[in-house]
Number of protein chains: 2
Amino acid sequence: MNTLAYGLLSLLSHSSLSGYDLMLRIQPFWPAKHSQIYPLLARLERNGMVSCELVQQSDKPDKKVYSINDKGIAALQEWLTVPASDPVMRDELMLKAFCMSHVDPAVSRELFAARLEHYRNKLERLCQKIKSVRQVDELEEDQMPSYQSPYFGAYIMLNKALMSCRTNIEWCEWVLAVIPVEEASVE
Amino acid sequence: MNTLAYGLLSLLSHSSLSGYDLMLRIQPFWPAKHSQIYPLLARLERNGMVSCELVQQSDKPDKKVYSINDKGIAALQEWLTVPASDPVMRDELMLKAFCMSHVDPAVSRELFAARLEHYRNKLERLCQKIKSVRQVDELEEDQMPSYQSPYFGAYIMLNKALMSCRTNIEWCEWVLAVIPVEEASVE
DNA sequence: AAAACCATGTAAATTGTTACATGATTGC
DNA sequence: GCAATCATGTAACAATTTACATGGTTTT
């Protein structure tokens, strides 16, 4: 049982999902490829944590829908009592920022402009996501899902993503403001 | 040449460092253990990216100090022209947040209280770090290092770390405010 | 018909962590 | 003496990514 395994159980604790769906939904919190998810789901099934049902579809290819078992829920409850390990962030841009002074400011500006664009797109997607969660849980303006609601966790995470995204945008804009604009070079 | 390799070159582009120092300094941006760093440095030396000199110390064990070569600088300059790949963040707390509703609010509060503490300690360390960088680069209040200064990159990254840390603290405090406080259970 | 998305899997390679190993030096 | 920090390395294991493989369905 590694972290990704618990992550899959965590998603399955609210609704049954296919491996493909799990792969898409876990991305924002714990990036993983389908080649990691499928064998892990098979292992969780062997361990009795989840059950699997083949669902035939007419409009799309058939799929295997996984559901969490009591044993899986128990594993989650146990897991929640141990402190979360420190978050791990790996950002190539940070490493590049460290040696920026070795290239033309224009080259550096380009790096941060691209990242700013990345965060602006992310913000856009997030706002839409939050709107859709609000609709599904039938919430009024500024109203929170209750702690018992399966959307409570999703809501606080979306809020974190939103706050982080805005901070990152602010930071990128500040960096672009402090990197000198290219002077006309020697004619 | 993987990202960690470029990261080491990036750090070496400002000053020569031992493998041990590199290991400590790269942690905030790209976590890596010494077991990954030492063999990689040996490879970079074989590739002619860095040179190594044995430095004898009387107060501490002897060490190998690595310096970047022209080939290493050229590799960095090339690397800076390609866009940085998307940052990767893996946070177990996010996965736990998703299935929180399956346990008592007190259990959840504990998770976020621990994380809040983690970020508060980090903020403390960051503030001291920023102060020391300001001293080394002899900066007045609110003054930035120039783009050419080797501290420019460090400064903008410290600023990012500071902004992110504050956002995370704010978020943790908000989460602790919205998780219901344990009601007296059935007597 | 080609591209895009849905869907599931395995194999190989790379990256990263933990454990094994060793040893100097300093402060308690 | 013992723990902590400094210092370097290798081996085994676990996690992750990339590539290989296949095939249905929908939209352009």
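Numbered from 1 within each chain, the chains take letters A, B, ... in sequence-line order.
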**Student:** Return the value, rounded to whole Å, for the distance between atom CG of B/Leu24 and atom P of D/dA7.
**Tutor:** 9 Å
**Student:** Just to be sure I understand the geometry, which residues of residues 32-61 of chain B put a non-hydrogen atom under 4.0 Å away from DNA chain D?
**Tutor:** B/His34, B/Ser35, B/Tyr38, B/Gln57, B/Lys60, B/Pro61
**Student:** Rounding to an integer number of Å, can you tell me how far A/Lys63 NZ sits from C/dC5 C1'?
**Tutor:** 14 Å
**Student:** Starting at CD of A/Gln128, measure out to CG of A/Leu123 and round the result to the nearest 0.5 Å.
**Tutor:** 10.5 Å
**Student:** For C/dT15 and A/Arg90 - does any side-chain N or O of the residue sit under 4.0 Å from the phosphate oxygens OP1/OP2?
**Tutor:** no
**Student:** To the nearest Å, how far apart are B/Tyr20 OH and D/dA4 P?
**Tutor:** 13 Å
**Student:** Do the two ring centres, one from A/Trp171 and one from A/Phe112, sit under 6.0 Å apart?
**Tutor:** yes
**Student:** Rounded to the nearest angstrom, tell me the gap between atom CG in A/Asp62 and atom P in C/dC5.
**Tutor:** 21 Å
**Student:** With sequence neighbours excluded, tell me which residues meet salt bridge (Lys or Arg N to Asp or Glu O under 4.0 Å) with B/Asp21.
**Tutor:** none
**Student:** Using 4.0 Å as the upper bound for N to carboxylate O, is an ion pair formed by A/Arg115 and A/Asp91?
**Tutor:** yes
**Student:** What I'd like to find out is whether the side chain of B/Met144 reaches to under 4.5 Å of the side chain of B/Phe152, using heavy atoms alone.
**Tutor:** yes
**Student:** Expressed as a whole number of angstroms, how long is the span from A/Lys64:NZ to C/dC6:C1'?
**Tutor:** 16 Å
**Student:** Please determine whether a side-chain nitrogen or oxygen atom of A/Trp30 lies at a distance below 4.0 Å from atom OP1 or OP2 of D/dT16.
**Tutor:** yes
**Student:** With sequence neighbours excluded, what pairs up with A/Arg166 under the side-chain hydrogen bond (donor to acceptor under 3.5 Å, both in side chains) test?
**Tutor:** none
**Student:** Can you check the A/Leu22 CG to C/dG9 P distance for me, whole Å?
**Tutor:** 12 Å
**Student:** Which whole-number value in Å describes the distance from A/Asp21 CG to C/dC5 P?
**Tutor:** 15 Å
